[in-house]
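Structure first, commentary second.
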Amino acid sequence: MILETDRLILRQIKMDDKEAVFEYRSDKETNKYQGSIPETLEEMENFIRKTAKQINEPDTWFQFVLLAKESNKVIGDIGLHFLADDDRQVEIGFTLHKAYQKKGYATEALKSILNYLFSELNKHRIIASIDPDNIDSIRLVERLGLRKEGHFVQSLFFKGEWADELIYAMLKREWR
Ligand SMILES: CC(C)(COP(=O)(O)OP(=O)(O)OC[C@H]1O[C@@H](n2cnc3c(N)ncnc32)[C@H](O)[C@@H]1OP(=O)(O)O)[C@@H](O)C(=O)NCCC(=O)NCCS
């Protein structure tokens with residue numbers, strides 16, 4: 001599964017990507033709102049091993065890496081969670097290398113992914129779950145046109161305390 005945008009190639013993650021992905025995913029400050037931060041390359045390997053082999057399998061995460069065309073370097077990743085109970089709904093997750101943030105890469109990649117999910121896979125609803133303090137992620141999903149549907153109060157037990165969670169969503173009929 002390969003998607004192409006003006007500046008990026010999006011392809012399935014593979015074990016050979018472990019060092020490149022670990023380089024930015026292990027950055028504790030950049031990833032402070034993420035559910036888990038790999039501490040070792042072995043943890044990174046386990047993460048990659050657990051990702052889905054094929055796209056669109058219920059109850060799995062399929063992981064794309066983003067390659068900058070100009071350098072062929074991995075600059076980030078986007079995960080697609082195909083929900084277990086409903087095969088028309090997908091949750092998205094996104095991470096960029098700090099050096100490649102604020103250049104529009106995540107927006108560019110996600111536009112292509114949303115288009116693929118709605119137009120090719122005929123998905124009905126795409127959601128994102130975001131920490132209310134994660135301003136860059138909120139700006140990203142709002143830029144893409146996702147709507148804020150809810151603010152759950154202390155709905156996640158996260159790093160030893162209860163954390164709030166925003167749910168953003170977009171329906172197929174809202175995708176242009
Ligand atoms: C969430 C995350 C991917 C957003 O990254 P980002 O760089 O802000 O998003 P984009 O790549 O789409 O870049 C958009 C920004 O680049 C700017 N930009 C600069 N050049 C641009 C260009 N050529 N085209 C488009 N935008 C450009 C935009 O103005 C925008 O800035 P703004 O948010 O200040 O308005 C990033 O913050 C991240 O990886 N965070 C850590 C992981 C994380 O928390 N993930 C989410 C868990 S829910």
Side-chain angles (χ1 to χ4, degrees), residues 3-11 13 17-39 43-44 47-48 50-51 60-83 89-117 125-170 175-176:
L3 297 172
E4 186 175 350
T5 69
D6 285 351
R7 295 178 295 173
L8 300 168
I9 301 286
L10 280 58
R11 65 147 171 81
I13 199 167
D17 298 320
K18 67 182 176 196
E19 279 95 357
V21 178
F22 182 72
E23 185 180 313
Y24 61 85
R25 279 246 178 191
S26 59
D27 174 346
K28 289 201 169 69
E29 177 55 27
T30 311
N31 293 295
K32 62 184 169 201
Y33 301 115
Q34 304 265 42
S36 70
I37 300 177
E39 305 242 347
E43 281 176 38
M44 197 70 245
F47 171 92
I48 296 174
K50 282 187 198 150
T51 62
T60 67
W61 279 91
F62 181 89
Q63 207 72 25
F64 279 106
V65 286
L66 282 45
L67 298 153
K69 279 185 187 172
E70 59 171 17
S71 60
N72 212 31
K73 193 175 156 32
V74 175
I75 63 152
D77 60 85
I78 291 176
L80 303 181
H81 180 200
F82 294 90
L83 301 193
Q89 301 202 49
V90 180
E91 177 186 358
I92 53 175
F94 26 78
T95 309
L96 285 182
H97 191 303
K98 194 170 176 42
Y100 294 89
Q101 292 181 11
K102 297 288 162 196
K103 299 179 195 305
Y105 285 123
T107 305
E108 184 172 321
L110 281 163
K111 276 186 185 163
S112 157
I113 284 180
L114 290 180
N115 193 47
Y116 172 74
L117 291 171
R125 182 168 174 265
I126 310 295
I127 64 161
S129 157
I130 302 175
D131 186 302
D133 294 332
N134 193 346
I135 302 301
D136 288 339
S137 290
I138 291 170
R139 290 174 68 84
L140 171 62
V141 294
E142 290 189 344
R143 194 182 303 119
L144 289 162
L146 278 76
R147 281 172 291 97
K148 185 159 93 175
E149 290 196 334
H151 182 144
F152 290 82
V153 178
Q154 297 201 351
S155 55
L156 288 176
F157 196 69
F158 185 62
K159 295 180 183 164
E161 53 186 77
W162 289 102
D164 289 11
E165 172 191 29
L166 300 180
I167 296 294
Y168 275 83
M170 180 183 269
W175 176 247
R176 67 273 158 214

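Remember, it's 1-based here, ligands and their atoms both numbered in the order they're listed. Numbering of residues begins at 1 and proceeds along the displayed sequence.
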* Face-on cation placement of R147 at Y168 ring, 6.0 Å and 45° thresholds -> no
Validation: residues 151-163 side-chain donor-acceptor distances under 3.5 Å, sequence neighbours left out:
from	atom 1	to	atom 2	distance (Å)
H151	NE2	D164	OD2	2.8
S155	OG	E165	OE1	3.0
K159	NZ	K32	O	2.6

* Neighbouring residues of ligand 1, heavy-atom cut-off under 4.0 Å -> R7, T30, N31, Q34, F94, T95, L96, Q101, K102, K103, G104, Y105, A106, T107, S129, N134, D136, S137, R139, L140, R143
* Looking at residues at least two apart in the chain, or sitting in another chain, which of them share a side-chain hydrogen bond (donor to acceptor under 3.5 Å, both in side chains) with D133? -> none
* To do: May I ask you to check whether over 12 heavy atoms, not counting those of K148, lie within 6.0 Å of atom NZ?
  => no
* **F64: ring pair (Phe, Tyr, Trp, His ring centres under 6.0 Å) partners, not counting sequence neighbours** => F62
* Taking NZ, NE, NH1 and NH2 as the nitrogens, is one of them in R25 or E39 under 4.0 Å from a carboxylate oxygen of the other? -> no
